[in-house]
Structures are given as structure tokens and as C-alpha cells.
Amino acid sequence: VQLQASGGGLVQAGGSLRLSCAASGHTFSRYAMGWFRQAPGKEREFVAAVSQSGGTTHYGDSVKGRFTISRDNAKNTVLLQMNSLKPEDTAVYYCAAKLFGLSMNDDYHYWGQGTLVTVSS
């Protein structure tokens with residue numbers, strides 16, 4: 001499956017952004033979907049994941065209550081709504097697809113190219 005992330009940009013602290021990940025190539029609904037991020041000089045970090053049906057979600061501790069992941073299987077799209085953004089949310093955000101159940105580890109089978117989110121203070 002091919003993944004294309006978009007929606008990144010520059011936003012002030014306290015603002016919002018919505019990231020989108022479009023999937024193609026295989027049956028989208030077979031895959032759990034996740035978002036990860038990597039800030040300069042830091043390891044990749046789990047952000048959020050959603051199950052194949054969309055009925056189950058998981059979030060990293062640093063984004064709980066601020067970010068919301070959702071998916072639209074009819075449109076082969078997964079979204080990440082990011083509210084109350086902080087400077088420490090600055091990173092390249094990657095979407096990823098995984099067979100056999102969602103995960104908070106980076107054991108995903110397919111990865112998108114990443115989209116840069118910059119939050120200014």
C-alpha cells in the first residue's frame with residue numbers, strides 16, 4: 001500500500017492542524033493505521049493509532065486529549081486532528097499501515113513520506 005501524508009505546516013502555539021493520509025494500492029480497510037512523529041535529534045515517537053474498523057484508538061501520553069485520529073474507509077483516508085498545539089509537537093509526522101491489529105510500536109508494514117509540522121511559541 002502507498003501512503004501519502006499531507007496537511008503539515010507552520011502554526012502558532014495553541015492552534016490546530018489536521019493531517020491527512022491517503023492510501024492506495026491495497027484494500028485500505030485491512031490495515032490498522034498509525035501516526036508517528038520524529039523531532040530533530042530524537043527517536044521516532046508513537047502518536048496515535050486506529051483499528052481497521054475505526055472502533056478502537058490509542059494515543060501517546062503526550063497527545064492524549066489534544067489529538068484525535070479517525071479514518072474513512074470509503075475514502076481510503078486517515079486523519080489526525082491536532083488541537084492545542086505546543087512547540088514540543090514540532091516534528092515530521094508519518095502515517096503508517098499495519099496488518100493484523102493496531103500497535104503502538106513501530107512494527108508497521110508501510111510508511112508514508114512524512115509531513116512537517118512546526119509549532120511556534
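The analysis underlying the following values was restricted to heavy atoms, covering all of them including side chains, and did not include hydrogens, waters or symmetry mates.
Ring-plane geometry between Phe67 and Tyr93 is classed as tilted, the angle between the planes lying from 30 to 60 degrees on a 0 to 90 degree scale.
Under the 6.0 Å cut-off for aromatic ring centres, Phe36 and Phe46 qualify, their centroids lying closer than that.
For the pair Trp35 and Ile69, the tightest heavy-atom approach, listed with the atom from each and the gap, is CD1-CD1, 3.6 Å. Nearest heavy-atom pair, Ala97 versus Met33, reported as atom, atom and distance to 0.1 Å: CB-SD, 3.6 Å. The two residues Ala32 and Tyr108 make their nearest non-hydrogen contact at O-CE2, 4.1 Å. Closest approach of Arg71 to Ser29, counting heavy atoms only: NH2-CA, 4.0 Å.
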Dump the intermediate steps for side chain to side chain donor-acceptor pair (under 3.5 Å) on Asn83 and Ser16, then the final yes or no. CA-CA 4 Å; Asn83 298 329; Ser16 298; 2.9 Å; yes
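With 3.5 Å as the limit, one finds a donor-acceptor pair spanning the side chains of Ser62 and Glu45.
For the pair Lys64 and Asp61, the salt-bridge criterion is met [side-chain N within less than 4.0 Å of a carboxylate O].
Residue Leu85 is not grouped with residue Leu116 when hydrophobic side chains (ILVMFWY) are merged at heavy-atom distances under 4.5 angstrom, including chains of intermediate members. If you chain together hydrophobic residues whose side chains sit under 4.5 Å apart, Val1 and Leu99 fall into the same group. Note on Val119 and Val47: same hydrophobic cluster, where clusters join Ile, Leu, Val, Met, Phe, Trp and Tyr whose side-chain heavy atoms are under 4.5 Å apart, directly or indirectly.
Atom CZ of Arg44 sits in a crowded spot, with more than 12 heavy atoms from other residues, nucleotides or ligands closer than 6.0 Å.
Asp106 CG to Trp111 CH2: the interatomic distance, rounded to the nearest 0.5 Å, is 5.5 Å.
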